[in-house]
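Have a look at the structure below before the remarks.
Worth saying up front: this structure is predicted, and the values here are computed from it rather than measured.
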Amino acid sequence: MTGRIIIDLFTTLDGVAQAPGGADEDTRGGFPYGGWQAGYPSEAVMRSVTAGMETLDALLLGRRTYDIFAGYWPQHTTGPEGFIGQLFDRVPKYVASRDADIQLDWQGSTRIGDDLAAEIAQLREKHQDVHVIGSVDFVQTLLAERLYDELQLWVYPVVLGHGRKVFPDGAAPASMKLLHAESGDGGTLLLRYAPVSGEVRTGTMGE
């Protein structure tokens with residue numbers, strides 16, 4: 001069975017996915033709201049994230065998110081987050097980068113990016129559930145090229161008006177199929193989508 005590429009993102013109502021987890025996570029563009037997710041704790045989101053870890057057997061990350069993860073998770077393999085740290089430490093990690101000289105010191109890490117479509121096809125043959133976590137710039141490439149099987153968004157009840165978005169101005173037009181929608185505590189909402197082939201359909205309402 002061909003494996004799946006699953007994109008996991010925390011976003012605001014206005015689509016911002018930049019630096020949800022910490023103040024210094026990603027300050028590009030003078031982003032002043034790093035760690036915005038912490039203000040809206042949700043047990044439903046944590047349950048959903050934990051459930052997704054049960055089948056995750058590889059990570060596919062952009063370079064910036066990889067560096068954040070590599071600096072954090074190997075030091076957090078015990079305690080409340082230990083099961084995530086152990087999982088991330090154990091599974092293969094693929095890093096999308098065109099820099100052939102990058103240093104990938106975290107065990108099990110491999111660079112991809114020379115031929116992304118072909119390399120992702122190979123990942124589908126090797127793994128069951130490859131998760132792309134964060135990595136919003138890389139995600140935009142996957143969305144534009146339809147190199148994914150599921151887009152999973154945890155939407156939080158906050159508007160920031162500034163920051164890097166899942167779908168920025170100029171994003172490639174695309175249609176999606178809603179697979180699942182679920183409301184959670186703290187005003188959160190889980191939305192899961194699959195890509196739909198073909199052009200975006202237009203027309204006139206009522207005709």
Run the side chain to side chain contact (heavy atoms under 4.5 Å, CB included) check on Phe138 and Leu116 step by step: do they pass? CA-CA 11 Å; Phe138 175 50; Leu116 194 58; 3.8 Å; yes
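- Counting heavy atoms from C-beta outward, Glu199 and Pro173 have side chains that stay 4.5 Å or more apart.
- Residues Arg64 and Asp137 form no side-chain contact, since every pair of their non-hydrogen atoms from C-beta on lies 4.5 Å or further apart.
- In this structure the side chain of Val130 never reaches within 4.5 angstrom of the side chain of Ile6, judged on heavy atoms.
- The closest side-chain heavy-atom distance from Asp89 to Leu87 is not below 4.5 Å.
- Under the 4.5 Å side-chain heavy-atom criterion for Ile, Leu, Val, Met, Phe, Trp and Tyr, Ile133 and Val16 are members of the same hydrophobic cluster.
- Under the 3.5 Å distance criterion, with hydrogens and angles disregarded, a donor-acceptor pair is assigned to the side chains of Gln37 and Tyr156.
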Would Val132 and Val139 count as a side chain to side chain contact (heavy atoms under 4.5 Å, CB included) here? Give the steps. CA-CA 8 Å; Val132 185; Val139 163; 3.9 Å; yes
Per-pair distances, 0.1 Å, donor-acceptor, side chain in residues 95-104, under 3.5 Å, sequence neighbours excluded:
residue	atom	partner	partner atom	Å
Ser97	OG	Asp99	N	3.1
Asp99	OD1	Asp101	N	2.9

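- Ring pair Trp154/Phe10 is tilted by interplanar angle, where 30° to 60° counts as tilted.
- Test Arg124, Arg4, Arg192 against Asp149 for salt bridge (Lys or Arg N to Asp or Glu O under 4.0 Å) and you get one pass: Arg124.
- A donor-acceptor distance shorter than 3.5 angstrom exists from the side chain of Thr188 to the backbone of Asp185, with no hydrogens or angles considered.
- Looking at heavy atoms from C-beta onward, Ile7 lies in side-chain contact with Leu9 at the 4.5 angstrom threshold.
- No single ILVMFWY cluster, assembled from side-chain heavy atoms under 4.5 Å apart, contains both Trp36 and Leu13.
- In this structure, the side chain of Asp14 does not engage the main chain of Val159 through any donor-acceptor pair within 3.5 Å.
- A salt bridge between Asp57 and Arg90 is absent, with no side-chain N of the basic residue lying under 4.0 Å from a carboxylate O of the acidic one.
- Side-chain contact check for His127 versus Tyr94: some heavy-atom pair is nearer than 4.5 Å.
- When Thr110, Leu147, Ile112, Leu60 are each tested for a side-chain contact (heavy atoms from CB on, under 4.5 Å) with Glu119, only one passes: Ile112.
- Below 30°, between 30° and 60°, or above 60°: for Tyr72 and His76 the angle between ring planes is below 30°, a parallel geometry.
- Note: Tyr66 and Trp106 have tilted aromatic rings, judged against thresholds of 30 and 60 degrees for the angle between ring planes.
- Side-chain atoms of Asp8 and Gln152 include a donor-acceptor pair closer than 3.5 Å.
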